[in-house]
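Indexing begins at 1, ligand by ligand and atom by atom, following the structure's order. Below, each value reflects all heavy atoms present in this structure, side chains not excepted, and no hydrogens, waters or symmetry copies.
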Amino acid sequence: MTTTETAAGVLPEMADVPARDLRVAVLGVGMMGADHVARLHSRVSGAEVVAVSDAFTEKAEQVAAEVPGCRVIADPMAAIADPEVDAVVIATPGQFHEAQALACIERGIPVLCEKPLTMDADSSLAVVRAEDEFAARTGRRLVQVGFMRRFDPEYAQLRLLIASGDIGEPLVVHCVHRNAAVPPHFTSEMMITDSVVHEVDVARFLLDEEIAAVTVLRPKATRHAVAGQSDPLLVLFEMTSGRIVDVECFVSTGVAYEVRTEVVAEDGSAMIGLDLGIVRQGAGTRGAIRSTGIAPDFRERFARAYDIEVQRWVDAARRGTIDGPGAWDGYAASAVGTAGVEALRSGRRTEVRLAPR
Ligand code: ISE
């Protein structure tokens with residue numbers, strides 16, 4: 001059997017890629033879903049959006065009207081079951097992800113599921129196990145989780161730099177995650193499950209190991225915080241090797257979208273997210289400083305990452321599989337999120353409980 005090496009690992013070669021485009025249904029056409037519809041329609045090759053589904057019919061109709069041949073299918077489960085749908089993007093609210101992802105696995109079609117994979121660790125594990133069972137029968141993975149930062153050229157470069165050994169052994173990672181503003185229903189718990197979750201994936205992606213424990217500190221809150229919520233938060237991840245990752249999550253800065261990551265290693269450091277390219281410090285190196293603008297929100301900051309993510313998912317889905325962070329990555333993030341919410345409530349260091357892989 002021939003194989004192909006991709007970001008999802010070494011995959012068995014699939015049946016020939018069909019000549020026609022991948023027919024995609026997008027479930028949920030709020031901010032992220034509508035963005036994916038536009039991307040699939042106009043920036044990604046090899047795919048067409050054939051159906052959209054949303055609890056708000058008017059919104060679905062409005063989005064479908066922009067894409068020739070796109071149908072509105074009111075029931076998302078009917079969209080997944082539709083014989084003219086080859087693959088699914090899930091961008092519905094998180095509480096619907098579990099049933100929708102399981103239905104895609106049941107039908108054997110690839111799915112790109114926006115984070116969170118599901119609402120808690122146990123339900124994410126159920127998705128992992130269902131997909132494992134499918135993969136054992138077919139050799140194919142189906143569930144990709146929308147951790148788009150892995151496709152951002154700067155994060156990819158930082159990971160390669162760490163792997164090259166040029167800056168030596170990583171010891172500490174500093175993450176800054178700032179949003180200009182969030183809606184009034186956005187709680188401190190959501191800061192963990194919706195915002196810090198990206199740093200969970202970044203820590204696992206850059207350091208190639210799991211998170212063992214989480215501690216959450218509540219500094220003095222900004223006067224712009226959503227009423228009654230702690231904002232900013234400081235979150236500490238203890239990695240299994242003993243490395244530490246700290247995250248400053250601040251979602252009401254009133255400024256712009258600022259996401260920065262600095263890896264401090266034994267023989268130097270490297271930082272991304274300043275809109276300057278990679279800035280390195282170490283014996284004999286100095287980052288060059290150029291000044292540019294800061295993106296107002298994540299759709300702009302990570303536009304290129306989303307484009308690469310979706311193009312690679314489409315290319316893999318046409319071969320019946322995925323190419324990116326999988327169900328296990330979604331499960332690990334849910335398990336850290338569950339521990340993080342517990343740490344936020346208790347004020348205590350909380351261990352992450354991961355099932356055997
Ligand atoms: C949002 O859902 C995202 O995924 C963004 O990347 C993050 O910065 C924001 O805080 C979340 O609400």
Side-chain angles (χ1 to χ4, degrees), residues 26-36 39 89-97 112-119 124 144-156 174-206 216 221-222 224-226 229-235 245-261 272-275 294-310 313 324-325 329-330 332-334 336-337 340-341 344:
V26 178
L27 313 183
V29 287
M31 187 197 269
M32 206 58 244
D35 205 44
H36 282 323
R39 171 171 296 105
V89 172
I90 299 179
T92 47
Q95 66 267 30
F96 302 114
H97 291 186
L112 174 60
C113 180
E114 274 305 328
K115 53 89 197 167
L117 175 56
T118 69
M119 298 302 277
S124 290
Q144 182 164 330
V145 181
F147 289 127
M148 76 299 186
R149 290 196 195 173
R150 293 187 183 216
F151 300 91
D152 174 67
E154 285 193 351
Y155 277 103
H174 303 294
C175 302
V176 168
H177 187 144
R178 299 188 193 138
N179 291 186
V182 284
H185 67 269
F186 208 87
T187 59
S188 300
E189 293 188 0
M190 290 173 73
M191 288 170 68
I192 304 283
T193 55
D194 217 51
S195 310
V196 174
V197 66
H198 285 292
E199 312 304 332
V200 170
D201 192 60
V202 159
R204 297 180 63 254
F205 175 64
L206 293 178
V216 180
T222 168
H224 304 298
V226 170
Q229 303 304 314
S230 296
D231 181 16
L233 294 177
L234 277 188
V235 184
V245 177
D246 63 71
V247 180
E248 174 218 306
C249 183
F250 186 5
V251 295
S252 316
T253 65
V255 180
Y257 193 72
E258 296 173 81
V259 167
R260 300 201 270 277
T261 303
I272 57 168
L274 289 171
D275 208 12
I294 309 176
D297 78 23
F298 52 90
R299 286 169 301 173
E300 268 191 46
R301 163 64 182 87
F302 288 113
R304 177 112 181 86
Y306 284 121
D307 287 354
I308 298 171
E309 172 191 54
V310 175
W313 175 74
D329 299 300
S334 297
V336 176
V341 168
L344 173 75

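Looking at Met32 against ligand 1, nothing comes within 4.0 Å, counting heavy atoms. At a heavy-atom cutoff of 4.0 Å, ligand 1 is contacted by the side chain of Lys115 but not by its backbone. For Tyr257, every heavy-atom contact with ligand 1 shorter than 4.0 Å involves the side chain, none the backbone. With a 4.0 Å cut-off on non-hydrogen atoms, His177 touches ligand 1 through its side chain and not its backbone.
In terms of modelled atom types and a separation under 3.5 Å, the side chain of Asp231 and the main chain of Ser252 share a donor-acceptor contact.
When every heavy atom of Gly28 is checked against every heavy atom of Ala91, the shortest pair comes out as O-CB, 3.6 Å.
Between Arg149 and Glu199 there is a salt bridge, since a side-chain N of the basic residue sits under 4.0 Å from a carboxylate O of the acidic one. Ion pair Glu248/Arg178 flagged as a salt bridge, since at least one NZ, NE, NH1 or NH2 atom sits closer than 4.0 Å to an Asp/Glu carboxylate oxygen. By the 4.0 Å N-to-carboxylate-O rule, Asp329 lies close enough to Arg204 to be salt-bridged with it.
Compare Asp194, Val197, Val196, Val259 by their heavy atoms: the one nearest to atom 12 (O) of ligand 1 is in Asp194.
Side-chain atoms of Tyr257 and Arg301 include no donor-acceptor pair closer than 3.5 Å.
For the ligand labelled ligand 1, residue Val251 lies outside the 4.0 Å heavy-atom shell.
Here the protein heavy atom with the shortest distance to atom 5 (C) of ligand 1 is Phe298 CD2, 3.4 Å.
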